[in-house]
Amino acid sequence: MSIFDSRKIEYKAPVSAIATDEKVKLRIKVLRSLSCSGARLAVFKDGEDTVYYDMFWAGMCGNDEEFWELHFSATTPGLYFYHFELETPWGRLFVKNIGNGKGELSIDGAEFQQTVYDKAFKTPDFLKGGIIYQIFPDRFYNSGEKKEGVPEKRVMRQWGEEPLWDESQMNGIWNNDYFGGDLKGIEEKLDYIKELGVSCIYLNPIFEANSNHRYDTADYERIDPLLGNEEDLKSLCQNAKEKGIAIVLDGVFSHTGCDSKYFNIYSNYDSVGAYNSKESPYFEWYKFVEYPKKYQSWWGIELLPEVIEENESYREYICGENGILRKWLRCGISGWRLDVADELPDIFLDDLRKAVKAENENAVIIGEVWEDATTKYAYGQRRRYLLGDQLDSVMNYPFADAVLNFVRYGGAEGFFDAVMTVVENYPPQVLNVLMNHIGTHDTERALTRLAGENPDGRDRHWQHEHNELSAENYEKGVAMMKMASLLQYTLPGVPSLYYGDEAGMQGMKDPFNRACFPWDNINADLLRWYKRLGEIRRGCKAFKTGSFEPIFAVGNTIAYKRVGDGNQVLVAMNNSPETVDVYVGAEWDNAYNLFDPVSKDGYIRLDPYCYTLLSK
């Protein structure tokens, strides 16, 4: 046994972030042979000095070990780091984190982390226990309705053709091929989406822009004409709401397009853009180096000039009483996903939250952060996204990597380490609304990542040549998708399904991962599976806010349970070529099984690459 284990309630309670003024019980188990005469907790708030707290002797544990413990609390939000120190005849000994939350005698070990969030912090209820469906609007469904004001230079394609990927295909204009998916098309498919159990649709950018991905905003105040208009969005929001589905929009606020009414490099807009004149109302929004030709741009892409988010005029335009955020909330949307949230400064995120919550307290704010969002450094400082005054949730890339790596490569302990790091560090109200994807518009399709070759470092020509899996690998990928999605749908948070994954779509990175939905070629087996997962989530209350507890981790086999709201769910998965007996305890012997394997005398026998879900 370890001296301390931050992931077990017998040593730390609760095993989670805590609110300000909430107490966490910390207990260590020390060998009597160490002749410990005193123990203390050494803790420091990020960037501040260490403070020491004496622990008290709390009795024996058998004949050979003894307990020392204390309760710790903090009055201000932040990241707190700690270890333990023991006074012994051999001098002071240190108990530090040697990995996986375990504390042992160590000088070189790491500090443990305790996240403390504002006790007033609340996250929206409508996401909890639900399912998110992500749509790349141009590629989901074309209603066929005529559009007004679509620029003539756009290249319109036939539905189902491969997206253009080679420079010679584009005549030097990247991302200018369109398939005509629109808001009315999404509205027409709401029944299909509802059958998947979806409770929230997240749309990639829909504002006027001059690329098919629309991350180069041209006008925040106008829907892109190829997608429809403001009335179409209102209609979509209203009809979706009647079916119990919320709409979340993508907010791209760290940069605009150079071809926009704000910058206007090609003078395509009637406005006086920052590029046109220093007298432009938008001039102070941008970072010119040598006016007007040289300016700072997002990742050096000149098509995407950076904005100065700290600028008061820009913040008022986006976050003000009649700003962009509140305009579209008033049209019926239920929140925002923030593109590159880690490139937005604190002052902007603070204003953004105030604006969104003032308009709709239950609206959600989801940030794109690829790492652990509690420890993220950006703008030269530790960020405070999840402490109560900025984001409600983030895109959960740590979970995505954990799920996909486990299904493809195995490794039970590595899987649980990745999951428990998030469970420990994130506030519980954030954990319940995490956006748990396994593929997005920024990554290769999950099926391809599981069963295809790795495209990292490969050019688009190579990806084009390897975009289609062999029939054998495709079937293997479908089986792996079932395992990955079962994990995705049962971990803490909200599963986010990228449009078409349920239909068996495959594809390498952008633009191959953004192909048209194959309405005439859906993988019926996989679609049935995802509908079943949707039913399971709706039927098990533990998925809404239930706790997470690992039960079994040996080789490539795992088991864990979710407990909450009068319901317990156990998931067991054997990702190995051998039959494995998984011990889960006799209390699961009479549980309802949603797949074939059941518990008998406390054991579940799992055949190779088999899984089960028990509920009670």
Side-chain angles (χ1 to χ4, degrees), residues 6-7 16-17 46-47 77-81 97 99-101 110-117 123 132 134 202 250-254 298-299 309 336-346 348-349 352 364-406 409 411 414-444 446 449 454 456 487-488 491-496 498 509 548:
S6 66
R7 296 173 179 178
S16 69
D46 197 25
L79 286 194
Y80 292 76
F81 296 96
N97 188 351
N100 293 312
E111 300 289 321
F112 293 93
Q113 177 181 323
Q114 179 63 61
T115 306
V116 179
Y117 57 89
T123 56
I132 298 170
Q134 180 188 349
Y202 152 51
D250 212 330
V252 187
F253 302 127
S254 71
W298 186 76
W299 283 33
E309 300 94 337
W336 293 89
R337 177 266 187 187
L338 303 180
D339 184 55
V340 291
D342 53 1
E343 297 181 23
L344 300 173
D346 284 338
F348 183 85
L349 289 176
L352 184 145
V364 71
I365 306 168
I366 304 171
E368 180 192 14
V369 181
W370 287 56
E371 305 86 0
D372 183 329
T374 63
T375 57
K376 173 75 177 184
Y377 258 98
Y379 280 79
Q381 61 185 357
R382 184 89 70 182
R383 304 308 301 271
R384 48 183 173 84
Y385 304 125
L386 303 180
L387 298 181
D389 54 7
Q390 292 187 350
L391 307 178
D392 293 313
S393 172
V394 290
M395 299 178 73
N396 198 352
Y397 282 93
F399 271 18
D401 291 340
V403 168
L404 295 169
N405 288 338
F406 174 75
Y409 305 111
F415 172 79
F416 277 138
D417 182 40
V419 173
M420 285 304 300
T421 297
V422 172
V423 170
E424 271 195 286
N425 291 350
Y426 286 39
Q429 62 269 54
V430 173
L431 198 64
N432 294 328
V433 294
L434 283 176
M435 184 177 173
N436 291 346
H437 60 86
I438 57 173
T440 74
H441 63 290
D442 283 329
T443 66
E444 60 266 44
R449 182 166 171 183
N454 187 347
D456 291 346
L487 298 177
Q488 176 195 14
L491 288 172
V494 183
S496 180
Y498 186 41
K509 295 183 178 182
F548 175 86

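Worth saying up front: this structure is predicted, and the values here are computed from it rather than measured. What's counted below: heavy atoms across the whole structure, side chains too, no hydrogens, waters or symmetry copies.
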Check whether any side-chain heavy atom of [X] sits under 4.5 Å from a side-chain heavy atom of [Y], and report yes or no.
X    : Y    : value
F253 : W336 : yes
I438 : T443 : no
E111 : N97  : no
F399 : P492 : yes

### Query
Does the side chain of Y202 come under 3.5 Å of the side chain of D250 through a donor N or O and an acceptor N or O?
yes

### Task
Check step by step if side chain to side chain contact (heavy atoms under 4.5 Å, CB included) holds for L404 and Y409.
CA-CA 8 Å; L404 295 169; Y409 305 111; over 6 Å; no

Measure the spacing between [atom1] of [X] and [atom2] of [Y] and express it to the nearest 0.5 Å.
X    : Y    : atom1 : atom2 : value
D392 : Q390 : CG    : CD    : 11.0 Å
S6   : M420 : OG    : CE    : 7.5 Å
I132 : N436 : CD1   : CG    : 8.0 Å
Y385 : L391 : OH    : CG    : 7.5 Å
I366 : L338 : CD1   : CG    : 9.0 Å
D46  : Y80  : CG    : OH    : 10.0 Å

### Query
Yes or no on side chain to side chain contact (heavy atoms under 4.5 Å, CB included) for I365 and L352, after CA distance, side-chain angles and deciding distance?
CA-CA 9 Å; I365 306 168; L352 184 145; 3.8 Å; yes

Ignoring hydrogens and geometry, is there a side-chain-to-backbone donor-acceptor pair from [X] to [Y] under 3.5 Å?
X    : Y    : result
T421 : D417 : yes
D339 : S254 : no
Y117 : V430 : no
N396 : L434 : no

### Query
With F548, which of V422, L431, V423 fulfils side-chain contact (heavy atoms from CB on, under 4.5 Å)?
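The side-chain contact (heavy atoms from CB on, under 4.5 Å) with F548 is passed solely by V423 among V422, L431, V423.
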
### Message
Exactly one of E343, M435, R337 should register a side-chain contact (heavy atoms from CB on, under 4.5 Å) with E368. Which one does?
### Response
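Testing E368 for a side-chain contact (heavy atoms from CB on, under 4.5 Å) against E343, M435, R337 leaves exactly one candidate, R337.
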
Any idea which heavy atoms bring [X] and [Y] closest together, and the distance?
X    : Y    : answer
A373 : V394 : CB-CG1, 3.9 Å
A418 : A402 : CB-CB, 3.7 Å
P428 : A17  : CD-O, 4.0 Å
P345 : Y379 : CD-OH, 3.7 Å

### Task
Could you check D401 against R449 for salt bridge (charged side-chain N to carboxylate O under 4.0 Å, His left out), going step by step and ending with a plain yes or no?
CA-CA 11 Å; D401 291 340; R449 182 166 171 183; 3.2 Å; yes

#### Entry: T115 vs L387, side chain to side chain contact (heavy atoms under 4.5 Å, CB included): CA-CA, chis, key distance, verdict
CA-CA 8 Å; T115 306; L387 298 181; 3.9 Å; yes

### Task
Could I get the full list of salt bridge (charged side-chain N to carboxylate O under 4.0 Å, His left out) partners for R383, not counting sequence neighbours?
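Testing R383 for salt bridge (charged side-chain N to carboxylate O under 4.0 Å, His left out), a comparison that skips the adjacent residues, returns D346.
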
### Summary
Residues passing the salt bridge (charged side-chain N to carboxylate O under 4.0 Å, His left out) test with K376, sequence neighbours excluded, are D342, E371

### Query
Is there a side chain to side chain contact (heavy atoms under 4.5 Å, CB included) between V340 and W298 once you walk through the steps?
CA-CA 10 Å; V340 291; W298 186 76; 3.8 Å; yes

### Task
May I have all residue pairs that pass salt bridge (charged side-chain N to carboxylate O under 4.0 Å, His left out) and include part of residues 420-433, sequence neighbours excluded?
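Found R7-E424.
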
### Task
Could you check T374, D372, T375 and say which one makes a side-chain hydrogen bond (donor to acceptor under 3.5 Å, both in side chains) with Q113?
T374

### Task
Classify the ring geometry between Y397 and H437 as parallel (under 30°), tilted (30 to 60°) or perpendicular (over 60°).
perpendicular

#### Entry: salt bridge (charged side-chain N to carboxylate O under 4.0 Å, His left out) between K509 and D442, worked out
CA-CA 7 Å; K509 295 183 178 182; D442 283 329; over 6 Å; no

